[in-house]
2 protein chains.
Amino acid sequence: MVYTFCERVSSSGYDDDLELLNDSLHEFGGCGGSVLLSSPIERVGGKNENCEAKALAALKNHSEAERRRRERINGHLATLRGLVASAHQKMDKATLLAKVISQVKELKKNAMEASKDFLIPMETDEVKVEPYDIKLGYGCMSYMATICCDYQPEILCDLKKTLDALQLQLVKSEMSTLERRMKNVFVFTCCKGVNNSVDVEACQSIGNVVHKALGSVLEKASMSMEFALTTSYPNKRRRMC
Amino acid sequence: MVYTFCERVSSSGYDDDLELLNDSLHEFGGCGGSVLLSSPIERVGGKNENCEAKALAALKNHSEAERRRRERINGHLATLRGLVASAHQKMDKATLLAKVISQVKELKKNAMEASKDFLIPMETDEVKVEPYDIKLGYGCMSYMATICCDYQPEILCDLKKTLDALQLQLVKSEMSTLERRMKNVFVFTCCKGVNNSVDVEACQSIGNVVHKALGSVLEKASMSMEFALTTSYPNKRRRMC
DNA sequence: AAGCACACGTGAATC
DNA sequence: TGATTCACGTGTGCT
């Protein structure tokens, strides 16, 4: 649709000037068909005042309802603007919404990973060494090493020996158990850098060494577990570490 | 501002009909001042065609730019609609934005709590027992008990004895250490319900008992720590559990 | 019919 | 200036 303006009148916002709105009333029928055909100029008004007033009221209602709707939406937009809080509060709607989208995705991803970290895989054993993004200053990287398998007391001995032998700088260690399963997590740092920049290769090779060592521990444990299951004393007590 | 319609013309979207838009051209001056004063009816056009064409093009550009803007915003809105994914995709913009807001707040709160759970308070000891919202079916509640203090080997003995004595149904246990500090977390269930409904009071009293017991363990540990610090052998080895 | 929600084109402001 | 953003009133479809 294309519609054209007949005249534009400056007035004080939402006034009740009937004359100015006469031409809009075609749209609201039911007040006598002749009005629909008479041109704006020929019509002098007089007996249709009631009808026009009603139509005007409807129009006013409509625009005010629309204004309320806009305010509702813009209010929520303002809340979101405060919520994403990317320093500068001057941002157009589209950009704001884009930022909201990326924020929601980011938060969801983090939540997913966090819940995954909290879980203990029940069926599969695993050894994992991966970079861990805590900030420890320049020249340092940190890694998170995970080993998850069936619980066996002696694996703690092996683990301790292995970690001691590697002389890792342990930042944090965590052990959780769930039913017959256990999961050990170590966070360690690698400060192999020179001139305040990380020597990435040296750190990676340390990571690989740790991965290999944990792999050996796991392998030994699962072998010992198999052996235990095939002997006639499956519940035989083992020496604590 | 209030403006009135002269006539409304049905046409195919965005066409180039100059006549219909003549009346809109006041707004775009610079094509000869006389046009601004002549009425739409008196004016016959002819020598201002070039000017009018330019104005029309500007107007068309404007409306198309606005259309693109709307599409950009609505596109993001659609993405968000898919992201909150509250089953029913029929939702007005305001409601959608409200849901996005609550979702973001929820996710942020969870992230905060998760990071808090992962932290070990370094300065203050603490004992905490609080409901833990994992679903275990009807008639069961679960709790998370936390005890955090300086690391002492014998506290593990005390803890084990205490938990055994309480005969808790342990679901998960977790111990983390950071420098000289340790944190132990236990998740246990309380299935005291009758007729598939939880006996909340019974569970709460169990929670209180656990809290009290852990408090005693912590108290004993800190007393023993103080004793160790005041003796002449602060680094004296203690028997492992 | 009467209310609501949306898309549209426009006027004004800002850069 | 031209481009871009916003608020506004309106037309229209749905319920």
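Per chain, numbering begins at 1; letters A, B, ... match sequence-line order.
Counting atom types as modelled, B/H62 pairs no side-chain N or O with a base atom of C/dG9 as donor and acceptor under 3.5 Å. Side-chain N/O atoms of A/E66 and base N/O atoms of C/dC6 include a donor-acceptor pair closer than 3.5 Å.
Contact check for B/L119 versus B/L178: no side-chain heavy atoms found under the 4.5 Å cut-off.
Between B/L59 atom CG and C/dC8 atom C1' the separation is 13 Å, expressed in whole Å. Here the C1' atom of nucleotide C/dC15 and the CE atom of A/M91 are 18 Å apart, to the nearest Å. In this structure, B/K60 atom NZ and C/dT10 atom C1' are separated by 17 Å, rounded to whole Å. Distance CZ (B/R68) to P (D/dC6): 15 Å, rounded to an integer number of Å. Atoms NZ (B/K90) and C1' (C/dA5) sit 10 Å apart, rounded to a whole Å. Taking atom CD on B/E64 and atom P on D/dG2, their separation rounds to 17 Å, with Å as the unit.
Counting any heavy atom pair closer than 4.0 Å across all strands shown, A/N74 reaches sugar-phosphate atoms only and no base atom. Contacts of B/R72 with the nucleic acid, taken as non-hydrogen atoms under 4.0 Å apart, involve only primed sugar atoms and P, OP1 or OP2.
Ion pairing between A/E113 and A/K116 fails under the 4.0 Å rule for side-chain N and carboxylate O.
Remark: B/R70 is not in phosphate contact with D/dC6, judged by side-chain N or O atoms under 4.0 Å from OP1 or OP2. For the OP1/OP2 pair of C/dC8 and a distance below 4.0 Å, the side-chain nitrogens and oxygens of B/R67 include no atom meeting the criterion. Between C/dC4 and A/R69, no contact under 4.0 Å exists linking OP1 or OP2 to a side-chain N or O. Side-chain N/O atoms of A/K93 include one lying less than 4.0 angstrom from OP1 or OP2 on D/dA7.
Heavy-atom contacts from other residues, nucleotides or ligands closer than 6.0 Å to NZ of B/K212 number 12 or fewer. Other residues, nucleotides and ligands contribute over 12 non-hydrogen atoms within 6.0 Å of the NZ atom of B/K108.
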### Message
Show, in sequence, the C-alpha distance, side-chain angles and deciding distance for B/R181 and B/D150, and conclude whether the side chain to side chain contact (heavy atoms under 4.5 Å, CB included) test is met.
### Response
CA-CA 4 Å; B/R181 304 284 290 174; B/D150 276 336; 3.1 Å; yes
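Closest-nucleotide positions on DNA chain C for A/I73 and A/N61 were compared, and the one nearer the 5' end corresponds to A/N61.
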